[in-house]
Amino acid sequence: MILPRSFYERETVTVARDLLGCYLVHQDDDGTTGGRIVEDEAYIAEDPAAHSFRGMTPRNAVMFGPPGHAYVYRIYGLYDCVNVVTGREGSGEAVLIRALEPVIGIGLMQKRRRATDRRSLCSGPGKLTQALGITRALNGASLLDGPLQVWSRESLPGPAEDPAIVQTTRIGITKAAERPLRFYLGGSSYISRP
DNA sequence: GTACTGATTTTCT
DNA sequence: GAAAATCAGTACC
């Protein structure tokens with residue numbers, strides 16, 4: 001049920017597509033929270049929008065490490081965003097998790113987010129880390145064991161039919177903005193934007 | 001409903 | 001010193 005390292009050690013765009021429908025789950029002292037991944041973005045080698053584009057720095061070092069680990073960084077001084085490291089070790093590639101459909105621990109998510117509407121709990125990269133209690137303390141953590149995990153699609157009962165995957169441009173970037181590296185489940189009402 | 005703005009701080013140049 | 005893989009609130013149709 002936990003996705004193996006071999007899942008992540010593939011072409012990043014393929015991993016981004018295959019992650020849709022899988023579950024991101026975090027456990028801590030307050031409880032367990034998790035949801036279905038419904039939106040993500042690929043950041044790849046030779047990609048001016050990727051943090052790894054200009055080589056390794058203290059912040060992005062985890063992106064250059066082994067696949068199957070979490071890269072968590074702070075954005076705009078306020079929010080944390082979570083990525084999964086993908087591809088070959090040293091390539092500096094990752095997939096940003098942008099939105100979840102809340103499934104596990106919805107009450108705890110509502111408390112952490114101070115919101116009740118399910119659609120607003122995890123519909124954005126900063127929102128979902130807040131709902132799941134993911135912070136930079138998890139930067140570099142393995143997703144194969146430990147408190148933050150990714151489970152396969154079959155781990156929990158999901159929709160009867162897989163909705164079509166929509167591929168479009170990434171959100172919030174200025175460099176390489178035209179590259180279609182954002183993926184989401186068509187028809188999901190839990191994505192950050194259409 | 002859409003559009004614009006302020007918050008807030010880390011990070012790298 | 002500027003920019004940043006964002007969000008919530010306000011203003012205005």
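When reading the values below, keep in mind they use all heavy atoms of this one structure, side chains included, and skip hydrogens, waters and symmetry mates. Throughout, protein chains are lettered first and strands after them, A, B, ... in sequence-line order, and every chain is numbered starting at 1.
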(Q) Are the side chains of A/Val150 and A/Ile2 in contact, using a 4.5 Å heavy-atom criterion? (A) no
Q. Quick one: what's the B/S/- string for nucleotides 2-13 of chain B, heavy-atom cutoff under 4.0 Å, read 5' to 3'?
A. -----BBBSSSS
(Q) Can you tell whether the side chains of A/Asp30 and A/Lys111 come within less than 4.0 Å, N to carboxylate O? (A) no
**Q.** All stems with DNA chain B, defined as three or more consecutive Watson-Crick or G-U pairs under 3.5 Å
**A.** B:1-7 with C:6-12, B:9-12 with C:1-4
Q) Just how far, in rounded Å, is P of C/dA5 from CZ of A/Arg179? A) 16 Å
Q: Specify the separation, in whole Å, of atom CZ of A/Phe183 and atom P of C/dA5.
A: 19 Å
Q) To the nearest angstrom, how far is A/Tyr184 atom OH from C/dA5 atom C1'? A) 18 Å
Q | A/Gln130 side chain to A/Arg113 side chain, donor-acceptor N/O pair below 3.5 angstrom | A | yes
(Q) If I compare all heavy atoms of A/Leu19 with all of A/Ile37, which pair ends up nearest, and what's the gap? (A) O-CB, 3.6 Å
**Q.** A/Leu121 CG to C/dT6 C1', straight-line distance once rounded to whole Å
**A.** 17 Å
Q: Could you state the atom-to-atom distance from OH of A/Tyr43 to P of C/dA5 in whole Å?
A: 7 Å
Q.
Using OP1 and OP2 only, check whether a side-chain N or O of A/Lys127 sits under 4.0 Å from C/dA8.
A. yes
Q: Send over the distance from A/Ile173 CD1 to C/dA5 C1', rounded to a whole Å.
A: 7 Å
Q.
Tell me whether A/Trp151 shares a hydrophobic cluster with A/Ile134, the cluster being built from Ile, Leu, Val, Met, Phe, Trp, Tyr side chains joined at under 4.5 Å.
A. no
Q | Closest to side chain of A/Ile171, choosing from C/dT6, C/dA5, C/dC7 | A | C/dT6
Q: Describe the nucleic acid contact of A/Arg114 in one word from base, sugar-phosphate, nothing, applying a heavy-atom distance below 4.0 Å.
A: nothing
Q | Those residues that, when tested against A/Tyr184, pass side chain to side chain donor-acceptor pair (under 3.5 Å) (two or more places apart) | A | none
Q: Give the rounded distance in Å between these two atoms: CD1 of A/Ile44 and P of C/dA5.
A: 16 Å
Q. Reckon A/Ser192 touches a base, only the sugar-phosphate, or nothing at all at heavy-atom distances under 4.0 Å?
A. nothing
Q: Could you tell me whether the side chain of A/Asp47 and the main chain of A/Ile44 form a donor-acceptor pair under 3.5 Å?
A: yes
(Q) Do the side chains of A/Asp40 and A/Arg17 get close enough for a salt bridge, i.e. N-O under 4.0 angstrom? (A) no
Q. In whole angstrom, what separates A/Glu41's CD from C/dT6's C1'?
A. 12 Å
Q) Are A/Arg88 and A/Glu9 within salt-bridge range, i.e. N to O under 4.0 Å? A) no
